[in-house]
Amino acid sequence: MACSRTCSRILGLSLGTTALFAAVANTLLLFPNWNVTYLLRGLIGRHAMLGSGLWGGGLMVLTAATLISLMGWRYGCFSKIGPCRRMLIALLSSGLALLGALICFITSGVALKDGPFCMFDVSPFNQTQAWKHGYPFKDLHNRNYLYDHPLWNSVCLEPSKAVIWHVCFFSTLLCISLLQILLVVIHFINSFLGLFCSLCEK
């Protein structure tokens, strides 16, 4: 039981830390090149504006992490609850964290697939000299911009280094959400073993 509580403390702290990193990564996506102008002008991509790293991988996971930590430390009302109630709270916290992490994971994957929102020259696509804001890599056929680095600086005209900013922080969110899913699975297994041990002791 002591081992299970210690594991819950570590998992709660780890999940809370990943939630904070997810929130920071998503916040930075709102300020390309450290510039607030694009956000004020509404020139931020829908994936970043959705804020899945803030409320999904961030707030939802942080709430679950707090519950897990409270159970691990047996703080307050969590000090007197029985094993079955602990298991129920563990399931609820795991479900909340898993949902938030999955939302963040899916959104980040779609964002990496669609590419960044930026100003680009549409003339290669329709032979007219014009610039507009959009997703220039979304409609590229038979080419994946993630592996075609020469495209990174030649397609997006503004903001500068839009592709690097987009790929860097959405890849970070993708990795964080994967780590969160792994930690949730470990927490579920730990909670189940804790319930089993407590019932055996009785």
Could you tell me how the ring of Y145 sits relative to the ring of W152: parallel (under 30°), tilted (30 to 60°) or perpendicular (over 60°)?
tilted
Under 3.5 Å, is there a donor-acceptor pair between the side chain of H187 and the main chain of G12?
no
All heavy atoms of A111 vs all of H166, minimum pair found to be O-NE2, 2.8 Å
For a 4.5 angstrom cut-off between non-hydrogen side-chain atoms, does S108 reach C104?
yes
For P159 and N33, work out which heavy atoms get closest and say how close.
CB-ND2, 3.6 Å
Shortest non-hydrogen separation from N26 to L54 and the atoms involved
OD1-N, 3.7 Å
Roughly how far, to the nearest 0.5 Å, is the CD1 atom of I176 from the CZ atom of F169?
10.0 Å
Starting from the C-alpha separation in whole Å, work towards a yes-or-no answer on side chain to side chain contact (heavy atoms under 4.5 Å, CB included) for I103 and W55.
CA-CA 9 Å; I103 290 170; W55 58 267; 3.6 Å; yes
Contact between N144 and F137 at the side-chain level, heavy atoms closer than 4.5 Å - yes or no?
no
Just so I know, are the side chains of L173 and L29 near enough to count as touching, which here means a heavy-atom distance under 4.5 Å?
yes
Side chains of L98 and I181: closer than 4.5 Å at any heavy-atom pair?
yes
Main chain of K161, side chain of N153: is a donor-acceptor contact present, judged purely on distance under 3.5 Å?
no
Provide the closest heavy-atom pair for P136 versus C156 in the form atom of the first, atom of the second, distance.
CG-SG, 4.1 Å
Are the side chain of Q180 and the backbone N or O of V61 linked by a donor-acceptor pair below 3.5 Å?
no
As a quick check of understanding, evaluate side chain to side chain contact (heavy atoms under 4.5 Å, CB included) for V24 and L28, giving each step before the final call.
CA-CA 6 Å; V24 169; L28 290 174; 4.1 Å; yes
In Å and rounded to the nearest 0.5 Å, what is the CG to CG distance from L62 to L20?
6.0 Å
Using side-chain heavy atoms (C-beta onward) and a distance below 4.5 Å, is I186 in contact with I189?
no
Is the backbone N or O of A90 less than 3.5 Å from a side-chain atom of S93, with the two atoms forming a donor-acceptor pair by type?
yes
Could you work out the complete set of other residues in the hydrophobic cluster of F117, with links drawn between I, L, V, M, F, W and Y side chains under 4.5 Å apart?
L30, F31, V36, Y38, L39, L40, L43, I44, M49, Y135
First locate atom CG of L183, then atom OG of S14, and finally report the distance between them rounded to the nearest 0.5 Å.
5.5 Å
